[in-house]
Amino acid sequence: MLDIQLLRTDLKSIVGHLAKRGFALDIKRFNDMETQRKSIQTNTQELQATRNHISREIGQLRANGNNKNNKKIEELLHQTQKNLSCLKESERTLGELQNELQQFLEEIPNLPHNSVPNGLDGISNQEIRRWSKGEKGPRIFDFIAKDHVSIGENLGLLDFETAAKLSGARFTFMRGGLARLHRALSQFMLDIHTQEHGYIETYVPYLVNAESLHGTGQLPKFEEDLFKISRKKNGNKNDTATQISQDRINQKSSLPLQEGDWYLIPTSEVPLTNFVRNKIVTIKSLPIRLTAHTPCFRAESGSYGKDTRGMIRQHQFDKVELVQIVHPEKSYEALEQLVGHAENILKKLELPYRVMILCAGDMGFSAAKTYDIEVWLPSQNTYREISSCSNCEAFQARRMQARFRNPGGKPELLHTINGSGLAVGRALVAVLENYQNADGSVSIPEALRPYMNMINRLNI
RNA sequence: GGAGAGAUGGCCGAGUGGUCGAAGGCGCUCCCCUGCUAAGGGAGUAUAGGCUCAAAAAGUCUAUCGAGGGUUCGAAUCCCUCUCUCUCCGCCA
């Protein structure tokens with residue numbers, strides 16, 4: 001969420017920044033809402049002040065306990081009648097308006113950082129650097145490289161048919177050495193991040209509430225991408241709408257969301273980042289570096305027909321996530337660092353990759369700057385995304401009210417950074433394809449052998 | 001799932017309808033006292049928002065005592081709903 005003060009004081013420049021990412025802010029609507037809000041809020045507060053005055057006066061008269069006062073009290077009571085009905089109406093209108101404004105704000109994406117290239121889609125993303133073991137680039141095959149589906153199925157270890165029977169399309173069933181390799185990858189990643197990169201290993205819930213998803217920006221705008229678990233409790237909630245508007249009057253961060261339901265996490269960024277929701281942390285505790293290995297669940301309703309073959313795009317996949325909660329002045333430094341941590345995994349696995357900076361229009365909703373890391377897939381003769389690392393600046397922190405106390409003792413918003421380190425399923429795909437041999441076997445990368453009972457290949 | 005107890009500021013804890021944003025204590029900050037330290041004395045110490053203001057500072061108003069709703073001229077206090085924590089019972093990995 002953007003700082004509403006910024007919209008109030010510098011709307012023009014914000015509109016310009018948002019246009020860079022293809023978001024058209026409705027200026028007229030915002031200004032209209034603001035003008036209305038201002039007058040109604042002032043009015044409401046004046047009426048409240050009057051009410052409080054009269055009440056206090058009555059209180060004083062009562063305390064003095066003098067009979068003469070009864071008349072005066074009655075007068076005051078009479079006087080307050082009209083005031084109160086105006087107030088009620090005014091509060092209601094203000095609530096509705098705050099509600100509308102809040103909703104408007106919540107659906108505005110983050111502002112792209114100055115270093116982010118212009119462009120509205122992936123074509124404008126720019127390559128920053130490229131890495132492969134040795135100078136020659138990705139391995140050149142002296143046979144026709146198969147894709148991971150053929151490799152896995154030929155090994156008899158990858159079974160989409162069973163997965164489809166159990167669940168449907170876009171699920172994976174693995175067994176034997178392949179399942180083990182999958183586990184090895186995540187164990188390996190966790191070990192590197194905790195032992196070499198200073199992250200705290202974390203175990204988190206896979207079901208989270210709507211507030212958490214709101215904090216990181218998935219809700220309210222992207223509900224269709226999520227799997228929702230309903231907990232049929234007490235049937236229908238009563239007047240949710242009234243509750244919300246009341247909340248809005250109080251100017252608290254509030255949610256147009258149903259309480260009670262759970263969502264499967266689309267990434268452990270959600271539980272990890274929400275760790276600091278509604279918290280004021282000490283400056284000494286920064287940076288907070290958290291990592292977790294979790295399954296991730298995505299409905300991906302928008303992408304049917306894309307990557308239908310294999311395990312590139314699944315409803316369920318594992319990911320080792322990196323999250324940093326940092327001082328605002330350190331966040332860009334931390335982003336570079338975090339990208340390096342993710343890259344380090346690929347280096348140790350000796351998988352060729354490149355780092356891309358996403359253009360403004362290709363970034364996610366909450367991001368101010370994003371690097372994608374793409375791993376080489378020989379079967380597709382191209383690089384494919386295996387990690388996405390973003391600095392969200394204060395965008396998520398503002399939604400979450402995640403703060404630290406500055407040296408002056410005042411609470412200030414933190415910055416949040418997240419990135420995959422890495423997507424385990426896609427890492428598995430990359431290993432299978434890059435380490436495949438002519439005879440259909442797959443060599444195990446050196447770094448993973450300690451996790452594989454020291455075997456050096458998966459054989460047919 | 002059943003029965004009960006509870007939720008107040010950074011922390012502890014008082015407060016059952018009236019001037020309470022909230023006693024007292026601890027902690028923290030500043031000042032005084034003091035060879036040093038300890039002890040002692042004094043002052044300050046929530047968050048968000050509106051308005052005034054060119055801006056800052058400041059002032060002023062509003063809201064906030066787990067969350068939401070209700071009763072009332074007035075709610076931390078009374079009523080309803082929900083969430084969470086604790087204790088006991090049941091069930092379970």
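Per chain, numbering begins at 1; letters A, B, ... match sequence-line order. Atom set for the values below is all heavy atoms of this structure, side chains included, hydrogens, waters and symmetry mates excluded.
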Ring centroids only, cut at 6.0 angstrom: are [X] and [Y] within range, meaning strictly under it?
{"X": "A:His315", "Y": "A:Phe297", "result": "no"}
{"X": "A:Tyr203", "Y": "A:His293", "result": "no"}
{"X": "A:Phe365", "Y": "A:Phe222", "result": "yes"}
{"X": "A:His415", "Y": "A:Phe395", "result": "no"}

Residue whose nearest RNA chain B nucleotide is more 5′ - A:Leu84 or A:Gln5
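The 5'-side residue here is A:Gln5.
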Which is more 5' along RNA chain B, the nucleotide nearest A:Ala49 or the one nearest A:Lys88? Just name the residue.
A:Ala49
How many angstroms lie between atom OG1 of A:Thr44 and atom CG of A:Leu94, to the nearest 0.5 angstrom?
4.5 Å
With Watson-Crick and G-U wobble geometry limited to distances under 3.5 Å, how should the secondary structure of RNA chain B be encoded in dot-bracket form, using | for bases paired to another strand and [ ] for crossing pairs?
((((((((.[[[..)..(.....]]]((((((.......))))))(((((((.....))))))).[[[[[..)....]]]]])))))))....
Please give the distance between the [atom1] atoms of [N] and [M] as a whole number of Å.
{"N": "B:A23", "M": "B:U81", "atom1": "P", "value": "32 Å"}
{"N": "B:G13", "M": "B:G9", "atom1": "C1'", "value": "11 Å"}
{"N": "B:G68", "M": "B:C31", "atom1": "P", "value": "41 Å"}
{"N": "B:G25", "M": "B:G18", "atom1": "P", "value": "24 Å"}
{"N": "B:G44", "M": "B:G59", "atom1": "P", "value": "14 Å"}
{"N": "B:A67", "M": "B:C84", "atom1": "P", "value": "15 Å"}
{"N": "B:U62", "M": "B:A43", "atom1": "P", "value": "27 Å"}
{"N": "B:C28", "M": "B:G10", "atom1": "C1'", "value": "9 Å"}

Does [X] come within less than 4.0 Å of [Y], counting only side-chain N to carboxylate O?
{"X": "A:Lys228", "Y": "A:Asp261", "value": "yes"}
{"X": "A:Glu333", "Y": "A:Lys330", "value": "no"}
{"X": "A:Lys72", "Y": "A:Glu75", "value": "no"}

Name all residues meeting the salt bridge (charged side-chain N to carboxylate O under 4.0 Å, His left out) criterion together with A:Lys369; count only those two or more places apart in sequence or in a different chain, and write none if there are none.
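In terms of salt bridge (charged side-chain N to carboxylate O under 4.0 Å, His left out), with neighbours along the sequence ignored, A:Lys369 is linked to no residue.
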For A:Lys28, salt bridge (charged side-chain N to carboxylate O under 4.0 Å, His left out) partners two or more places apart
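Salt bridge (charged side-chain N to carboxylate O under 4.0 Å, His left out) check on A:Lys28 returns A:Asp32.
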Just how far, in rounded Å, is [atom2] of [N] from [atom1] of [X]?
{"X": "A:Arg277", "N": "B:G66", "atom1": "CZ", "atom2": "P", "result": "19 Å"}
{"X": "A:Glu211", "N": "B:C82", "atom1": "CD", "atom2": "C1'", "result": "13 Å"}
{"X": "A:Leu87", "N": "B:C61", "atom1": "CG", "atom2": "C1'", "result": "14 Å"}
{"X": "A:Glu91", "N": "B:U64", "atom1": "CD", "atom2": "C1'", "result": "14 Å"}
{"X": "A:Phe404", "N": "B:G10", "atom1": "CZ", "atom2": "P", "result": "17 Å"}
{"X": "A:Gln48", "N": "B:U72", "atom1": "CD", "atom2": "P", "result": "18 Å"}
{"X": "A:Arg51", "N": "B:A75", "atom1": "CZ", "atom2": "C1'", "result": "11 Å"}
{"X": "A:Gln41", "N": "B:A48", "atom1": "CD", "atom2": "P", "result": "16 Å"}

Using nucleotides 14-19 of chain B, report all nitrogen or oxygen pairs with the protein that are shorter than 3.5 Å.
residue	atom	partner	partner atom	Å
B:G18	O6	A:Arg62	NH1	2.6
B:G18	N2	A:Ser55	O	2.7
B:U19	O2	A:Gln60	NE2	3.1

Candidate list A:Arg289, A:His193, A:His341, test side chain to side chain donor-acceptor pair (under 3.5 Å), partner A:Tyr199, passing option
A:His341
For a quick test of reading the model: is some side-chain N or O of A:Lys38 closer than 4.0 Å to OP1 or OP2 of B:G50?
no
Respond yes when some side-chain nitrogen or oxygen of A:Asn52 is under 4.0 Å from OP1 or OP2 of B:U62, and no when none is.
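Answer yes for this pair, as a side-chain N or O of A:Asn52 is under 4.0 Å from OP1 or OP2.
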Heavy atoms under 4.0 Å, any strand shown: does A:Leu76 hit a base, just sugar-phosphate, or nothing?
nothing
Find every protein N or O atom lying less than 3.5 Å from an N or O atom of nucleotides 43-47 of chain B, and list the pairs.
residue	atom	partner	partner atom	Å
B:U47	OP2	A:Lys410	NZ	3.4
B:U47	O3'	A:Arg403	NH1	3.3

List the steps, then state whether side-chain contact (heavy atoms from CB on, under 4.5 Å) holds for A:Leu101 with A:Arg37.
CA-CA 9 Å; A:Leu101 238 149; A:Arg37 191 219 92 237; 4.0 Å; yes
Tabulate below the donor-acceptor pairs under 3.5 Å that side-chain atoms of residues 10-22 of chain A make, not counting sequence neighbours, or state none.
residue	atom	partner	partner atom	Å
A:Asp10	OD2	A:Ser13	OG	3.1
A:Arg21	NH1	A:Asn110	O	2.7
A:Arg21	NH1	A:Ala367	O	3.2
A:Arg21	NH2	A:Met363	O	3.2
A:Arg21	NH2	A:Gly364	O	2.7

